[in-house]
Amino acid sequence: MPIIDGGSKITNYIIEKRESTRKAYAAVITQCETCSIRVSDLAEGLEYYFRVSAENEYGIGEAVETPDPIRVSQAPTPPENVTFTDVTKHTVRLAWTKPKHDGGSRVTGYVIEAQKKGTDQWAHVTTVKSLDFTVKNLNENEEYIFRVMAVNSSGRSCPRVSKPVVIKEQSSEPEFDLRGVCQKTVIAKAGEDIKVEVPVSGRPKPTVSWQKDNQALKLTQRTMIENTSTSTILIINECLRSDSGIYSMTGKNIVGSVTDSITVKVHDLPGPPKGPIKLDKISRTFIEFSWEAPENDGGVPINNYIVEIRETTSQTWVEFSSSIIRTTFKDSVRSDGGKFILTATNVGGFAKHVFNVKVLDRPGPPRGPLTVSDITAEKCVLTWNPPADDGGANIEHYVIEKRESSRLAWTNVASELQVNQYQVTKLLKGNEYIFRVMAVNKYGVGEPLESEAIIAENPYVRPDPPQTPEITAVTKDSVVLCWGAPASNGGSEITNYRIEKRDRISLRWVKCNKRNVTDLHFKVTALIPGHEYEFRVFAENAAGISEPSPSSPFVKATDALFKPGPPGNPRILDTTSSSITLAWNKPVYDETSRLLWTVVEPKVQALNLKIMKLLEGNEYIFRVLPVNKFGVGEPLQSSAVVIKNPFTPPDAPKGVEVSNVKKNSMVITWEAPTNDGGTPITGYIIEKHDKEGIRWTRCNMKTVTNLTFKVTGLLENHRYEFRVSAENAAGVSEASSATVFYKALDPVFKPGPPLNPKVLDMTKSSVVLAWGKPIYDGGCEIQGYIVEACEAKAVADEWTMCTPPAGVKLTRFNVENLKEKQEYKFRVCAVNKVGVGENADVAGPILPEDKTEEPDLDIDAEFRKLVRIKAGGSLRMFIPFKGRPTPQIKWEKDGGQIKETAQTETTSSHTSLVIDKVNRADSGKYTVTAENSAGAKSETIIVKVLDTPSAPINFKVKEITKESVTLTWEPPSLDGGAKIKNYIVEKRESTRKTFSAAVTNCHKLSWKVEPLQEGCSYYFRVLAENEHGIGLPADITDPLKVSEVPQCPGKLSVVDVTKTSVSLSWEKPIHDGGSRILQYLVEMQVKGSDKWSGCANVKTLEAVISNLNPGEEYTFKVIAINEKGKSDPRTLAVPVQAKDLVFGPDVRPVFSNYSVLVGKDLQVEIPVSGRPKPKVTWTKDGAALKFTTRVNISNTAHSTVLSIKEAAREDGGITTFKVLRLKTGAEYQFRIIAQNRYEGAKYDFRVIAKNAVGTISKPSYNSGPIAALDEVEPPKFSIDPEYTQTLIVNAGDTFKLDADVHGKPLPAIQWFKNDKELENTIRCDIKNTDNRALIIVKDAVRQDGGNYTLQLTNVAGSQTVQFHVKVLDKPEYKIQICAINKLGVGEPAV
């Protein structure tokens, strides 16, 4: 918000934008009430200025503007394809490709970070601009991960992470990189030098040998081989045609051998064509002749032939054509055009004919160079020359195209250009561009002429603000402003001054000038009389508008009193005898002396004052007024003074010299001017001129007061000259004489000595040395370091090189194979491309010896605290250690071994533990122990995995009723690193597969699950929940049936009594409690005793109680038992006395008539009862039944059985058996009918074989008598045991009833429900087959419950099966409403 609100509340803000290439602002929003806004719909990659103005009830206030343009862009996408191009034991080289999108702003660099295995910290490595980098000083055998981020003006991209890499020296086969040799072929002209450098890789460094055409290459002064650490070089000086051939190179190391080859082609002049020349055709208008190609084509195909001609009378050959491919001109090219002279000669003389041939073609490229000048951030000027070859037609116009150097596509800039110069606009600041120009004639577009790449950026900056404006010539509606020029014009000429005014009663600045103002004064008009105004001025150059000048004092717009100037040109127009008519012009200036005084300084303490900001050429009068505590005294007035500069610009500086030349900078020094113009020199202007350009460019944007200046930003290998100008208060001097041209290159010398060489470590046979880089590298890259050793007691210093001849890249080296108990001296020197630099000695003689050191573990501070890690993440513990000798490392968890999924890795300097995808079981105390002969050291790291809880423990069922189940449990053993918030209890019916929640926010360790469906079986489980989620469930393995103890059994009755036993029977309980009856407990009580004792456990509805005392009276009770417990007992109403009972015989046969087929067996069992046991006798047709081997009688305790085998016709009749010992006697008759063969006779069969001859064999054995009768079997069925009990179904479920069916013939199948035959409906689907009866009822409702009957019928009889179904559903009610009046209650409505 504004600091000053103008005395009124801010009502809204106005936000405006403008592109940096434009000068006018456009409104974004005019009614913004907040202090922030998102500006959308901007063009990506463009730069914008923004400004905000506050508005209150008095108007719009002053705007605040962004000082610099803002590029509309975002962070780039991540770099692509981070790969490893080389790995050594201390370095790794990374390479990557550019991001797919730069976010709308040029990528300025790439940030590289590294992470050691076992730690989560990323370490910054460097920031580079290239697409590759070598990371140095890595620890051998350690695993690293690297990531690369692209950076633009909007920030960093997301990182692109590399694969893990172990830093160790790698062994690999030799490999030759011939990508730099195009198609493995080297082409050179005879006499030129050939130099082919082939990169060689391989670990260890391979040895390379060369062959030519399968023969060992002979090395001469012309043919040489040079091998470096990374390449092999073939050099052939002044090559000959005989040097052509196939050159093979073979690289060998311990890993293997590789051979590759290149082809060298030396091109030379071709030999002479083979003659003689054949004259094929001769006529008076032409000659056609031919020849054969040369035997030696010089190594390349013959492009063309040069035909020369001479007259026979002359010795001078004249070139006839230089581009003939054949003897006739077909497919002519532009160079075929010209003047042809044909000369024909015979004995009569000769004749000549001249032919002018003109070949028309597209034009050639414009003549270069294509010069790019006047480059700014938005535009540049292209200049070129017409083509040398116009293609035989006039050049119609030119086409200009451009492309960014990072792209391949060309964009059209201008296509109908008639001139050789063009200004290209709409360039993007900071982008690098390439331009090309093509000439066009009527035959097409010619070849292009391309420019060098240029960067679109301004060679200048915005100017400094102008000096404070001075107000003169005030009237009631205008003032005249004067101001001083800016201290610096920013390197570009001031093109305009922008004047703004502000009324004291307003907060808004208003622009005064509509046209450009280049003078240092301006008359502001259209002021409101009586209002007070202040003014400010902006300077503008090609780079933009400056900051505003300091504001002028407020001045009131009112007319002042002035003495006018003299009228102009007085003259006599007419005269008479008594009058003269005069005429004159208005005064040129009517304000020769102002009557208004301007206060310069109100509080001057001294007796002198320097007055600034006067206008040169104006005349001023000054006055001084004394002031004391009583007021202002009389003034002292000066005479009129004309303001003019008494100084002159200085002379040019001299003695300009250039020193400290480098590839991108030079230091310029000079001497001060001989004459400073009468005023001190305020600064110097240094300018440079590139030899390839035409403009002088200013080097210093700020004022330089010293006599030396470092010029930076030079282009390598470019040549520059410099000049210097001096500046004082009167202006800028002439430029000094230009220096000679200097080439921007780094000077190269031998490097200085390495810094501080010292011993890092040692054993009895080795010493590890380390040193720093030299302070001075000689102006080029250090290529390596050489380490030398010398025995300390040697008479003469015999230094031995310890490193390879090329040196080592790192700043440390392990000197091995030293003699025990021998002192050594060491020294180190640096190597660059110039040579070996000065050496640096290691202090004192060194005696190698083994050191012992107790183990020490360097635990990171993070691991000393509680280590928390989310489940699913990776636990990486990286622990450096030290000790002599190298300690043995052991990892433990909670005092035992770590699990198999934990990966441990130990090197000579560190150990690491990695567990990927950790879970709650990985929580605990991890102990790492380092032990060697010097001692042992242990550290403990406590790890807590933030995960969901484990399963609750001791999950039990506390109570079950017919409607509820009460569950209890204990908290989980692992809480997942966070407090248990609540528990979730879920249930699932045993017939379903998914759990449903019973409660989701339980804060207790028990829960009563209700309501439940009685008789249904349920699974239950409980889960704990913390802030990380829901944990593992604790389950009940077996389903629980929701039930309670059954009701007491039904009617209890005595079936039989003897003197030692009582037979009891009872009915099922009306309700089984929701759970199947497991058994019945029978208890008895002797009369006169209070004690009940168990006497039987049975599963049926009857029991025989034996071993009773004769004559005793007993009372009995029966208890039903299910899985929930015992029911209430059902007690016998009266006691029973143990004694034998006497009652008459009773015979109750099932049928009175029985039928059997002749030859079949018959067995009839008839129940018989009575006390004492009746005697049973059988008769047939009134006579005693005769017992034979076929007819027999057997008696059991409760029945008599008649058995007839192979029934015959005579077995039919009435068989009577008399039961004796009856009180009154009872006789029963039965009829047995034997069936004869009326349904089919008996047959005997045999088989005789007959072959093709007709011979008949003896017959087979007889089959025996076979009756021709249909087989008959009454219906039978078999059902699942669950159907013997009542089938309980939940409403909405589907149930089925089925039975396997047998019988001969196949029985008819019928289904009945409550004695009514069922039919197929949408919900009731009857699917009967020959051997199966099936009914399926879908979406069961309460009305589907009841008794279902299956009836099977065939000629042999019928059979029925009963099914009982109970459908459990919510209770239903029927409501009826009756009306009542005084007469009574009316009929109900349902």
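We're numbering straight along the sequence, starting at 1. Worth saying up front: this structure is predicted, and the values here are computed from it rather than measured.
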Check: Is atom CD of E432 surrounded by more than 12 heavy atoms (other residues, nucleotides or ligands) closer than 6.0 Å?
Finding: yes
Check: How long is the gap from OG1 on T371 to CD on Q421, to the nearest 0.5 Å?
Finding: 9.5 Å
Checklist line | Neighbour count above 12 (heavy atom, 6.0 Å) for E734 CD | finding: no
Check: When you measure from the side chain of S733 to the backbone N and O of A726, does any donor-acceptor pair fall under 3.5 Å?
Finding: yes
Note to self: Minimum heavy-atom separation for F709 and V704, please, with both atom names.
What the structure shows: CD1-CG2, 3.7 Å
Notebook entry, point to check: If you round to the nearest 0.5 Å, how far is CD of E416 from CD1 of I400?
Noted result: 12.0 Å
Check: Is D374 close to R695 at the side-chain level, that is, under 4.5 Å between some pair of heavy atoms?
Finding: yes
Next item on the list: Would you give the length of the straight line joining atom CD1 of I375 to atom CD1 of I454, rounded to the nearest 0.5 angstrom?
Entry: 4.5 Å
Next item on the list: With side chain to side chain contact (heavy atoms under 4.5 Å, CB included) as the test, would you mind laying out the steps for D746 and K662 before giving the verdict?
Entry: CA-CA 4 Å; D746 283 338; K662 294 186 178 180; 3.2 Å; yes
Next item on the list: Kindly give the heavy-atom pair with the smallest separation between A542 and Y460, and that separation in Å.
Entry: CB-OH, 3.0 Å
Margin query: Show, in sequence, the C-alpha distance, side-chain angles and deciding distance for V479 and Y533, and conclude whether the side chain to side chain contact (heavy atoms under 4.5 Å, CB included) test is met.
Written below: CA-CA 10 Å; V479 296; Y533 294 90; over 6 Å; no
Item checked: Heavy-atom check, side chain of V148 versus side chain of P159, under 4.5 Å -> no
Margin query: Which residue in the set E500, R462, K511 passes side chain to side chain contact (heavy atoms under 4.5 Å, CB included) when paired with F538?
Written below: E500
Check: Quick one: is the NZ or CZ of R160 closer than 6.0 Å to the six-membered ring centre of W96, and within 45° of its axis?
Finding: no
Item checked: Donor-acceptor pair, side chain of R536 and main chain of S549, under 3.5 angstrom -> no
Note to self: I'd like to check K100 versus E80 (side-chain heavy atoms, cut-off strictly below 4.5 Å). Are they in contact?
What the structure shows: yes
Margin query: Looking at R403, I'd like to know if its CZ atom is crowded, meaning that more than 12 non-hydrogen atoms belonging to other residues, nucleotides or ligands lie closer than 6.0 Å.
Written below: yes
Notebook entry, point to check: What's the shortest heavy-atom distance between Y110 and S130, and which atoms?
Noted result: CD1-O, 3.5 Å
Margin query: To check you understand the geometry: which heavy-atom pair defines the closest contact between L382 and V372, and what is its length?
Written below: CD2-CG2, 3.6 Å
Margin query: Could you check whether any side-chain N or O of N81 sits under 3.5 Å from a backbone N or O of T97, counting only pairs where one atom can act as donor and the other as acceptor?
Written below: no
Check: Do side-chain atoms of N394 reach the backbone of E396 as a donor and acceptor pair under 3.5 angstrom?
Finding: no
Item checked: Closest non-hydrogen atom pair between Y49 and P67, with its separation -> CE2-O, 3.9 Å
Check: Is there a donor-acceptor pair under 3.5 Å between the side chain of S488 and the backbone N or O of D464?
Finding: no
Check: Donor-acceptor pair, N441 side chain versus G392 backbone, under 3.5 Å?
Finding: no
Note to self: For a 4.5 angstrom cut-off between non-hydrogen side-chain atoms, does W670 reach S736?
What the structure shows: no
Check: Taking N12 for the side chain and T30 for the main chain, is one N or O donor matched with an acceptor at less than 3.5 Å?
Finding: yes
Notebook entry, point to check: Between P386 and R367, is any pair of side-chain heavy atoms under 4.5 Å apart?
Noted result: yes
Notebook entry, point to check: Heavy-atom count around K429 NZ within 6.0 Å, excluding the residue itself: above 12?
Noted result: no
Note to self: Assess the residue pair W483 and Y497 against the criterion (ring pair (Phe, Tyr, Trp, His ring centres under 6.0 Å)); give the C-alpha distance rounded to whole Å, side-chain angles, the decisive distance to 0.1 Å, and a yes or no.
What the structure shows: CA-CA 10 Å; W483 59 89; Y497 288 98; 5.6 Å; yes
Check: Taking atom OG of S406 and atom CG of N431, what is their separation to the nearest 0.5 Å?
Finding: 7.0 Å
Notebook entry, point to check: Once you round to the nearest 0.5 Å, how far does CD of E727 lie from CD1 of I685?
Noted result: 5.0 Å
Margin query: With side chain to side chain donor-acceptor pair (under 3.5 Å) as the criterion, how do S105 and S153 come out once you've worked through the C-alpha distance, each side chain's angles and the decisive distance to 0.1 Å?
Written below: CA-CA 6 Å; S105 178; S153 59; 2.7 Å; yes
Checklist line | L520 to G484 - nearest heavy-atom pair and separation | finding: CD2-C, 4.4 Å
Margin query: Looking at D102, is its backbone amide N or carbonyl O close enough to the side chain of N152 to form a donor-acceptor pair, meaning the two atoms are under 3.5 Å apart?
Written below: yes
Notebook entry, point to check: Heavy atoms, side chains only, cut-off 4.5 Å: are P363 and I395 in contact?
Noted result: yes
Notebook entry, point to check: Is it true that atom CG of D519 has more than 12 heavy atoms of other residues, nucleotides or ligands lying nearer than 6.0 Å?
Noted result: yes
Next item on the list: Using the side chain to side chain contact (heavy atoms under 4.5 Å, CB included) rule, take V517 and V537 through it: C-alpha gap first, then chi angles, then the decisive distance, then the call.
Entry: CA-CA 11 Å; V517 174; V537 184; over 6 Å; no
Check: Got a sec: does the NZ of K98 have more than 12 other heavy atoms crowding it under 6.0 Å?
Finding: no
Check: Any donor-acceptor pair under 3.5 Å linking the side chain of S552 with the backbone of F535?
Finding: yes
Next item on the list: Please round to the nearest 0.5 Å and tell me the distance separating atom OG1 of T468 and atom CG of L481.
Entry: 12.0 Å
Check: side chain to side chain donor-acceptor pair (under 3.5 Å): which pairs involve residues 684-694, sequence neighbours left out?
Finding: E687-R723, H689-E721, D690-H718
Next item on the list: Answer yes or no on whether R18 is positioned over the face of Y25, meaning its NZ or CZ is under 6.0 Å from the six-membered ring centre and within 45° of the axis.
Entry: yes
Next item on the list: Would you mind reporting whether C32 and T34 have side-chain heavy atoms less than 4.5 Å apart?
Entry: yes
Notebook entry, point to check: Quick check: does any side chain N or O of T77 sit under 3.5 Å from a backbone N or O of P99, one acting as donor and the other as acceptor?
Noted result: no
Margin query: For E452, is the CD atom crowded, meaning more than 12 foreign heavy atoms sit under 6.0 Å from it?
Written below: no
Next item on the list: Would you check, one step at a time, whether the test side chain to side chain contact (heavy atoms under 4.5 Å, CB included) holds for L46 with L428?
Entry: CA-CA 7 Å; L46 291 186; L428 297 180; 3.8 Å; yes
Checklist line | Heavy-atom side-chain proximity of S551 to W509 below 4.5 angstrom | finding: yes
